[in-house]
2 protein chains.
Amino acid sequence: MQFHHHGYVTTDPRIQPAQGVGLHRPADVPDEVDLLIVGAGPAGMLLAAQMSQYPTISTRLVERRPGRLEMGQADGIQARSVETFCAFGFAERVIAEAYHLTAMNFWATDPADPTRIVRTQRTVDDPYGFSEFPHLIINQARILDYFAEAAAYGPGRITPDYGHELVGLKVLDGEHPVEVTLRRTAGEDTGRERTVRARYVVGADGARSAVREALGMRLEGTQAMHAWAVMDALTVTDFPDIRTKCQVQTPYGGIQLIPREGGFLYRMYVDLGEVDPDDRGAVRSTTVEAAIAKANQILHPYTLDVRDVPWYSVYEVGHRLTPRFDDVPAEEVGARAPRVFIAGDACHTHSAKAGQGMNVSMQDTFNLGWKLGQVLTGRSPESLLETYHTERAEVARNLIDFDREWSEMLTKDPAQIPPDELADFYLRTAEFPAGFMTHYKPSMVTGDAVHQHLAAGFPIGKRFKSAPVVRVADANPVHLGHHARADGRWRIYAFADGAHPTSSPGLGEWAAWMRTPPTPR
Amino acid sequence: MQFHHHGYVTTDPRIQPAQGVGLHRPADVPDEVDLLIVGAGPAGMLLAAQMSQYPTISTRLVERRPGRLEMGQADGIQARSVETFCAFGFAERVIAEAYHLTAMNFWATDPADPTRIVRTQRTVDDPYGFSEFPHLIINQARILDYFAEAAAYGPGRITPDYGHELVGLKVLDGEHPVEVTLRRTAGEDTGRERTVRARYVVGADGARSAVREALGMRLEGTQAMHAWAVMDALTVTDFPDIRTKCQVQTPYGGIQLIPREGGFLYRMYVDLGEVDPDDRGAVRSTTVEAAIAKANQILHPYTLDVRDVPWYSVYEVGHRLTPRFDDVPAEEVGARAPRVFIAGDACHTHSAKAGQGMNVSMQDTFNLGWKLGQVLTGRSPESLLETYHTERAEVARNLIDFDREWSEMLTKDPAQIPPDELADFYLRTAEFPAGFMTHYKPSMVTGDAVHQHLAAGFPIGKRFKSAPVVRVADANPVHLGHHARADGRWRIYAFADGAHPTSSPGLGEWAAWMRTPPTPR
């Protein structure tokens, strides 16, 4: 029983009353929708949760898979993502079930005895206190579960439409200019195709994005691919840091160890090196036994007696980026508003070594969702949507630069790098992988720095860093930022310039100005 | 996806694998059960959640109501209860949705102007840091939801059997000596009776307990009843402390204000005084309008413009206690083990003013649950069950004494009590209502104080107070006490007497002793 201004709500307060399109949601995807999301990964599901807060907007999410994801690959959750989960109301539950990553240790060949490794450095995970939230390890499947709940419990009552694959997309004219062809991938109708018209389409459909291909765009970048063997393992070992994230560098290669949630398994990345351009996928046949043997060689004198490997994969990855994050070619920007967007792996691919993929993908659609909400509810002009590409493409470029630098360091022969360089780099750049270096430039939604001196601690264009405060009304110690929910509302934080509001002429004048309707232009 | 020693669990890790009786749970109450719980209030539901951790024990819970509680009356959750929720795995979720009670303010008639009230004292809620958990306000219905989830997700998969009323109980002989007559209160079979045999029965069926009556026991104590009008209200007011818990004392009477979860409503107790023994329930006809008028008189010069009252009740209460908490008469204690127990309001009633009812009731069955588990799984002798009465009856006596003293203070004419006495008493006795004064005496499960000096900060017989520690394996700051789950296991905390275990002969010797099987007697 929750007590609200309209009386009692007797069930889980996380279940908001259905409104608008959430009241009589059709079982099938309608012929016309306002927004069609393609792909139920982290980027797509966050967007569904966000759009569920706009029950006047008809939003559907189609996904190729027949149902809920059972096993995901991504697992690193940076503190910025946990802040985002807080805005969607489930941070405390993820925190309760995840592994907490508070330290990273570095190991390397002992200069005094090159047959063995020694611990060279211990680093604290968030040495500068970027966030009050922890850095977590938890599988992507669980994050999708929580976003699915937020989408289903929001007023729009959005649930994914599983078993639909996008096979065609054209931008035409009219109220619903995007024509999409969907094909059923499951059920009785498997193979049947139909068309759906949408005002906007977001392709969050992964590195092989069909939306991106329909727009005629490719992931561009280096041809060089790097390969890793990755496994989740249950192991008997004498390696003392098995429950701490570790980077191990030796002349035989490197390993990254990451403990997993649940307390038993750990994830191990074994470096398989640069892939020969003529390899033609041969590296993918690397056996789990070979990867374990290599890991034992690297970890000597410690040993891994691997008892179970519930998940194993070999992957190759390059650093690639699409030129645009929407359907407007560079030469037409400003002449027409975008109608199709791509997000997440559909726009940028990189290594998993800095634990960025899922995090940056979610921030892509966290950036886009409220803008679509503003435009589709008539509160903002369409041109607002142009800022999605401007803001997020720069983040993706920075990510790829960072990841390239970090990945190259991790694959160097440790004899060629000074002993503390890895740890120094890790600490020096910590704000980036934690998710807090995103700094949007002045635009129609971000002011310039003219008045920055009035709030030097809150850089304009960066996320609002929370601070512990005491709420006057009930003497509760609360976190200022945790009250900003992802509900599509704007928030104003007014810091009074006097000890008491009534003695604060600046705040009083501002309040009077806010109450005065603008003079019609 | 959660990672466990046996591999992947792809769903919510809170859902434990079903085992034992949880695998093929009959839809109807079987003719024979190990344990029958009567009543799905806080005491009964906690016990169901606890017993679900013992999947070899057949446990059923019968409840008169046809389904889930929609509106409960109790709402105060002391920090000790939140500790208990932590042991059942849902503390963080309750904390996220509840109102946090961090302060209590006292108001009284202004000596300088008896027509108005003034704030006389502000007190901090947990001034001594008894617990790292907060003091909360949240409705009982939500607490029952969380216990229901824990019971359903535990290996025993216990769900309440709604629509069954207990109409008879006899203690006979045999393996299942307690014969219970149940009557259907809902569905097609309404009115149909049947008998069920149980090894043990727990009556958590409230102040009008049918189990207690079947044992021939009464709640004994003062005949004097005190009456309160209580409402949840939505109000426009200029009273500045409307979002802080307040006690207001005037010659016209007193009010207690408690803000509610959700941010809009507050609960208000208006003192209606001692009930005339010849009243015959007339006080219960006090209208909500009369209660609001009285509240406005007390709060003058502030006003309450009450816009909505979603819940209103008048209740009378006395301070009463049963002589025994089990079915063994005092003269037979030690000669036979108890077979029937009563808990919560079935054993003790008192005012709601100290916010104790739900909390003490839950601790009753938290005390009893693991003992039933130990005995029914053959790990402990039946005599362990005698400690339930010994331990909990004393707590109930202390509670009634405390509540009587506090209630009497709250109904005194403020002119007759020194200005700071209320706040002083509130602070001085704070450990009691927070739930941490419970101190069990030496018994078969509690050692005497011979070795108390070895751990002066952990009084033997009190709850294990948690402390923040750093876990060596993964450098995680964790709370020592939060790892003790209500899973029926015993825990040993060994504090080494040296800097390193290998240099700690005491700990080493103890470990060697633990590894040595006892010599057969």
Side-chain angles (χ1 to χ4, degrees), chain A residues 1-14 68-72 89 91-93 95-97 99-103 105 122 124-125 138-142 145 232 234 240-245 259-267 308 310-311 470-478, chain B residues 1-14 68-72 89 91-93 95-97 99-103 105 122 124-125 138-142 145 232 234 240-245 259-267 308 310-311 470-478:
Chain A
M1 185 182 305
Q2 191 73 351
F3 292 70
H4 294 272
H5 70 279
H6 54 278
Y8 288 105
V9 176
T10 182
T11 53
D12 190 335
R14 295 168 187 90
R68 172 184 177 272
L69 181 70
E70 296 280 320
M71 283 201 191
E92 77 282 357
R93 286 181 285 164
I95 291 170
E97 69 178 272
Y99 170 82
H100 291 223
L101 204 165
T102 59
N105 291 350
R122 296 177 188 267
V124 174
D125 191 68
I138 184 172
N139 201 284
Q140 173 178 333
R142 290 296 294 151
D145 286 346
D232 288 319
L234 178 70
D241 283 359
I242 199 72
R243 293 303 300 166
T244 308
K245 183 182 176 194
R260 291 219 68 106
E261 70 271 27
F264 293 98
L265 305 191
Y266 63 91
R267 172 162 290 191
D308 191 24
W311 181 72
V470 174
R471 185 163 53 200
V472 173
D474 60 7
N476 261 234
V478 295
Chain B
M1 186 181 308
Q2 191 75 349
F3 292 70
H4 294 272
H5 71 277
H6 54 278
Y8 287 106
V9 176
T10 182
T11 53
D12 190 335
R14 294 168 187 91
R68 173 183 175 273
L69 181 70
E70 296 280 319
M71 284 200 190
E92 77 282 357
R93 287 181 284 164
I95 290 170
E97 69 178 272
Y99 169 82
H100 290 223
L101 204 166
T102 59
N105 291 349
R122 296 177 188 268
V124 174
D125 191 68
I138 185 171
N139 201 284
Q140 173 177 335
R142 289 296 294 151
D145 286 346
D232 287 320
L234 177 71
D241 283 358
I242 198 71
R243 292 305 298 167
T244 307
K245 184 184 177 193
R260 291 220 66 106
E261 70 272 28
F264 293 98
L265 305 192
Y266 62 91
R267 171 162 290 192
D308 192 23
W311 181 71
V470 174
R471 186 164 52 201
V472 173
D474 61 8
N476 262 233
V478 295

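Here is how names work: the chains are called A, B, and so on, in the same order as the sequence lines, proteins then strands, and each is numbered from 1.
- For R14(A), the side chain to side chain donor-acceptor pair (under 3.5 Å) partners at least two apart in sequence or on another chain are D12(A), E97(B), Y146(B).
- Considering all non-hydrogen atoms of both residues, T102(A) and A475(B) come closest at OG1-O, 2.8 Å.
- Interface residue A473(A): backbone and side-chain heavy atoms are both found under 4.5 Å from chain B.
- With sequence neighbours left out, Y266(A) forms a side chain to side chain donor-acceptor pair (under 3.5 Å) with T235(A).
- With chain B as partner, the option from N476(A), T244(A), V472(A), N105(A) having the largest number of non-hydrogen pairs under 4.5 angstrom is N476(A).
- Side chains of R142(A) and P13(B) form a contact here, defined as non-hydrogen atoms less than 4.5 Å apart.
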